Amino acid sequence: SEREDLRTDFVTLTNDILNRQQRHKEATGDLTILLSAISSACKWISNVVRKAELMKVIGVTGGTNVQNENVQKLDILSNEIMCNLLRNSGKTAILVSEEDDEAIFVEDPQKGHYCVCFDPLDGSSNIDCGVSIGTIFGIYRVKDAGAKPTIADVLRPGTEMVAAGYCMYGSSTVLVLTFQGSNEVNGYTLDPSIGEFVLTHRNMKLGKKKIYSINEGNAHTFDEAIKGYIDSVKFPPPGHTGKFTPYSARYVGSMVADVHRTILYGGVFLYPGAKLRILYECFPMALLVEAAGGKASTGRKRMLDVIPDKLHARSGIVLGTSEEVDAVETRYKAMDAKK
Ligand code: P6P
């Protein structure tokens, strides 16, 4: 009947952000405006990502168009929309994008007090096969609102990020967000018919499924600690008798999809070796996973305690349930003790 598809009771992302601002008496509303700009950019990216294949047919996005010109790729377009909306918000001082070698310093009158580190379209190599991709962002407040912003405002530990989140463009478009110290992760699903992110996952906590997620094609590069851990989830320990239930292997190859599944279902995601970028992949995901009740580590130390030495610094990362991350860290301690 007509009534079945009418949603008549919901909370929106905007609503939640405004209510949070009111609960923080000292809040100026700047972060609210900044997050509103990010959510608008994600709506725009979602719209374009979903039409990408069709737009290619008419040569608008990706590949070449009818005049055989090289047309901007989705990750370039997504970067443009993120940079423009963040700058237009009037609340940013520094933008660090995966797509730009140098940091962007926002000039007056648009300059604000927040630094946003983001990957506008992470996993974009998966676009052509329809696999989920996403926007990842982490937000610092400048150290001194009265001083000239410098690179030192973003080469800081992840513990100093004030908020972080991602927007996954999958079977639906879901924006997942947490604030430093809140211990709460909330997920909002885009209802394109009204252009609102509607609360669908209140206070997300890591699931309990035994899943491991790693690109085993890199096994020849794994150190003893990772090798030992991966063997331990696939094979019974030596001398084991009785039933052994191996973990399930799940690997999408798009960090947002692998982390979103890890938070919802549980298990562990590992990318050993310095591939993932600290400021706009590792730190935001670490903040989210910790707030969802899990852990994120380099293997040897808490991910959020790392201090990146350059904008696009990379790190190995292990994130997921505390039990699994602890198991990996224990193996690194044993391995290092033998040195
Ligand atoms: P690999 C995507 O290119 C990305 O940056 C992350 O989203 C993803 O987790 C990782 O790289 C996948 O890397 O080497 O398994 O293809």
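When a ligand or atom number is given, it counts from 1 through the structure's own listing order. Index from 1, following the sequence. Small disclaimer: the values here were computed from a predicted structure and weren't measured.
- Pairing each heavy atom of Phe179 with each of Ala163, the nearest pair is CD2-CB, 3.9 Å.
- With no hydrogens or angles considered, no side-chain donor-acceptor pair links Tyr280 and Asp122 at under 3.5 Å.
- Here Lys234 pairs with Glu216 in a salt bridge; the nearest charged N to carboxylate O distance falls below 4.0 Å.
- Partner of Tyr229 under the side-chain hydrogen bond (donor to acceptor under 3.5 Å, both in side chains) criterion, chosen from Arg331, Glu329, Glu324: Glu324.
- With a 6.0 Å cutoff to the six-membered ring centre and a 45° limit on the axis angle, Lys91 does not count as a cation-pi contact of Tyr114.
- At a heavy-atom cutoff of 4.0 Å, ligand 1 is surrounded by Asp122, Gly123, Asn215, Tyr251, Gly253, Ser254, Met255, Phe269, Tyr271, Lys275, Leu276, Arg277, Glu281.
- Every salt bridge (Lys or Arg N to Asp or Glu O under 4.0 Å) that Asp305 has, sequence neighbours left out, goes to Arg302.
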